[in-house]
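Written below as structure tokens is the structure these notes are about.
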Amino acid sequence: ALCVTAENITVDSCEFTNIDSDNIIVYSVKGDSKITNNTFNADPVPSKKRFAVYYEGGADSATDLSGFIAGGTLTVSGNNVTTKGGLFHFTNWKLAKDLELIITNNIVDNFSNKAISIYSENYPMNGDEFKSITVNYNVFKNIPEGRPAIRDYRDNPAVPVDATLNYWGS
């Protein structure tokens with residue numbers, strides 16, 4: 001796996017195969033950061049709950065980022081994801097402000113969890129964590145029965161998820 005705390009980072013055209021873990025763990029990003037045109041494949045063993053991109057937003061004992069508040073733009077685009085738990089999971093530890101999240105033009109096939117989830121694990125969100133959340137032009141294939149492709153776990157979010165113009169295939 002790749003662990004990231006950076007400013008203006010690009011992870012482009014990489015191949016992550018046969019990895020039964022989260023592939024890219026983002027602790028925090030600033031500026032204009034991109035995760036684009038990558039291939040994530042857990043074959044031959046499906047990865048039940050592991051994500052291609054797991055945004056941790058860390059402030060625990062292992063990753064004290066109290067001086068590194070995430071912001072700017074994080075773009076996750078053009079990626080192909082097969083047999084993972086999902087494409088993107090955001091869990092926040094109150095260390096984001098005005099983050100613009102763009103998840104677009106990805107193909108997510110045969111996922112076992114949720115393709116995309118926004119979650120506040122230990123702290124209530126203040127309402128200023130996100131400037132916007134855009135999830136457009138993605139293709140979700142082989143959606144497990146009873147599982148949503150996109151799930152927002154936040155209570156009364158100040159910034160809703162714009163999840164228009166996606167393909168919800170079978």
Side-chain angles (χ1 to χ4, degrees), residues 1-6 9-17 19-42 46-58 63 70-93 95-96 98-121 125 129-144 147-154 157 159-169:
L2 172 66
C3 296
V4 176
T5 300
I9 190 168
T10 298
V11 178
D12 183 66
S13 302
C14 297
E15 189 169 324
F16 298 86
T17 58
I19 301 172
D20 188 26
S21 67
D22 300 311
N23 296 123
I24 299 174
I25 301 169
V26 179
Y27 289 115
S28 191
V29 291
K30 289 182 177 179
D32 185 17
S33 297
K34 297 177 174 83
I35 298 172
T36 55
N37 306 311
N38 300 292
T39 300
F40 302 92
N41 186 339
S47 184
K48 297 292 181 202
K49 293 190 177 183
R50 303 301 185 177
F51 287 85
V53 180
Y54 188 93
Y55 193 109
E56 175 84 305
T63 55
T73 303
L74 174 59
T75 302
V76 179
S77 180
N79 299 290
N80 285 297
V81 180
T82 307
T83 64
K84 293 294 291 180
L87 166 64
F88 184 86
H89 179 78
F90 180 94
T91 184
N92 183 270
W93 297 74
L95 293 173
D98 295 328
L99 180 63
E100 182 178 7
L101 178 58
I102 301 168
I103 301 174
T104 186
N105 294 312
N106 298 287
I107 298 172
V108 186
D109 188 7
N110 196 23
F111 55 94
S112 60
N113 202 332
K114 279 132 316 264
I116 298 167
S117 56
I118 308 295
Y119 183 64
S120 179
E121 189 166 5
M125 292 191 171
E129 289 83 6
F130 293 105
K131 179 178 180 181
S132 64
I133 304 172
T134 306
V135 180
N136 298 143
Y137 303 105
N138 298 287
V139 175
F140 302 106
K141 298 167 30 175
N142 297 306
I143 300 171
R147 291 274 186 192
I150 300 172
R151 178 74 190 265
D152 186 351
Y153 289 94
R154 299 171 298 155
V159 176
V161 176
D162 171 5
T164 58
L165 304 172
N166 292 293
Y167 173 73
W168 312 94

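Just so we're clear, the structure is a prediction, and the values are computed from it rather than from any experiment. All heavy atoms count here, side chains included; hydrogens, waters and symmetry mates do not.
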Exercise. Quick one: does I133's side chain get under 4.5 Å of R154's, heavy atoms only?
Worked result: yes
Problem set entry | Check: S21 main-chain N/O paired with K84 side-chain donor or acceptor under 3.5 Å | yes
Exercise. With S13, which residues qualify under side-chain contact (heavy atoms from CB on, under 4.5 Å), at least two apart?
Worked result: N37
Problem set entry | Nearest heavy-atom neighbours spanning S28 and A70 | OG-CB, 3.4 Å
Exercise. Which pair of non-hydrogen atoms, one from E15 and one from T17, has the smallest distance, and what is that distance?
Worked result: OE2-CG2, 3.3 Å
Exercise. Does the T104 side chain pair with the main chain of N136, one donor and one acceptor, at a distance under 3.5 Å?
Worked result: yes
Exercise. Should the pair F90 and F88 be assigned to parallel (<30°), tilted (30 to 60°) or perpendicular (>60°) ring geometry?
Worked result: parallel
Seminar exercise, completed: Residue set satisfying side chain to side chain donor-acceptor pair (under 3.5 Å) with S77, at least two apart, ordered chain then number -> none
Exercise. What residues form a salt bridge (charged side-chain N to carboxylate O under 4.0 Å, His left out) with D32, not counting sequence neighbours?
Worked result: K34
Problem set entry | Donor-acceptor under 3.5 Å (D162 side chain, T164 main chain) | yes
Exercise. Who pairs with I107 by side-chain contact (heavy atoms from CB on, under 4.5 Å), at least two apart in sequence or on another chain?
Worked result: N80, V139, K141
Exercise. Where do V159 and S132 come nearest, in terms of heavy atoms and distance?
Worked result: CG1-CA, 3.7 Å
Exercise. Measuring from L2:CG to I9:CD1, what's the distance to the nearest 0.5 Å?
Worked result: 6.5 Å
Exercise. Who pairs with T75 by side chain to side chain donor-acceptor pair (under 3.5 Å), at least two apart in sequence or on another chain?
Worked result: none
Exercise. About how many Å separate CD1 of I102 and OG of S33, when rounded to the nearest 0.5 Å?
Worked result: 11.5 Å
Exercise. Can you name the residues that form a side-chain contact (heavy atoms from CB on, under 4.5 Å) with P160, not counting sequence neighbours?
Worked result: none
Problem set entry | Which residues share a side-chain contact (heavy atoms from CB on, under 4.5 Å) with L165, sequence neighbours left out | Y137
Exercise. Would F130 and V161 count as a side chain to side chain contact (heavy atoms under 4.5 Å, CB included) if you check the C-alpha gap in whole Å, the side-chain angles of each, and the deciding distance to 0.1 Å?
Worked result: CA-CA 10 Å; F130 293 105; V161 176; over 6 Å; no
Exercise. Which value, rounded to the nearest 0.5 Å, describes the distance between N23 atom CG and I35 atom CD1?
Worked result: 10.5 Å
For this session: Output all residues satisfying ring pair (Phe, Tyr, Trp, His ring centres under 6.0 Å) with F111, sequence neighbours left out; order by chain, then residue number.
Result: none
Exercise. Do any N or O atoms from the side chain of D22 and from the backbone of F51 form a donor-acceptor pair under 3.5 angstrom?
Worked result: yes
Exercise. Quick one: which of V108, D109, L87, V81 gives a side chain to side chain contact (heavy atoms under 4.5 Å, CB included) with F140?
Worked result: V108
Exercise. Any side-chain heavy-atom pair from E129 and L99 closer than 4.5 angstrom?
Worked result: no
Exercise. Between Y119 and K114, do the side chains contain an N or O donor and an N or O acceptor separated by less than 3.5 Å?
Worked result: no
For this session: Nearest 0.5 Å please: distance from the SG atom of C3 over to the OH atom of Y54.
Result: 12.0 Å
Problem set entry | D12/T36 under side chain to side chain donor-acceptor pair (under 3.5 Å): CA gap, chis, key distance, verdict | CA-CA 5 Å; D12 183 66; T36 55; 2.7 Å; yes
Exercise. For Y153, is the NZ or CZ atom of R151 found under 6.0 angstrom from the centre of its six-membered ring and inside 45 degrees of the ring axis?
Worked result: yes
For this session: Name all residues meeting the side chain to side chain donor-acceptor pair (under 3.5 Å) criterion together with S117; count only those two or more places apart in sequence or in a different chain, and write none if there are none.
Result: H89
Exercise. Side chain to side chain contact (heavy atoms under 4.5 Å, CB included) between Y55 and L101: does it pass, once the steps are laid out?
Worked result: CA-CA 11 Å; Y55 193 109; L101 178 58; over 6 Å; no
Problem set entry | Any residue meeting side chain to side chain donor-acceptor pair (under 3.5 Å) with N106, in chain and number order, not counting sequence neighbours | N79, N138
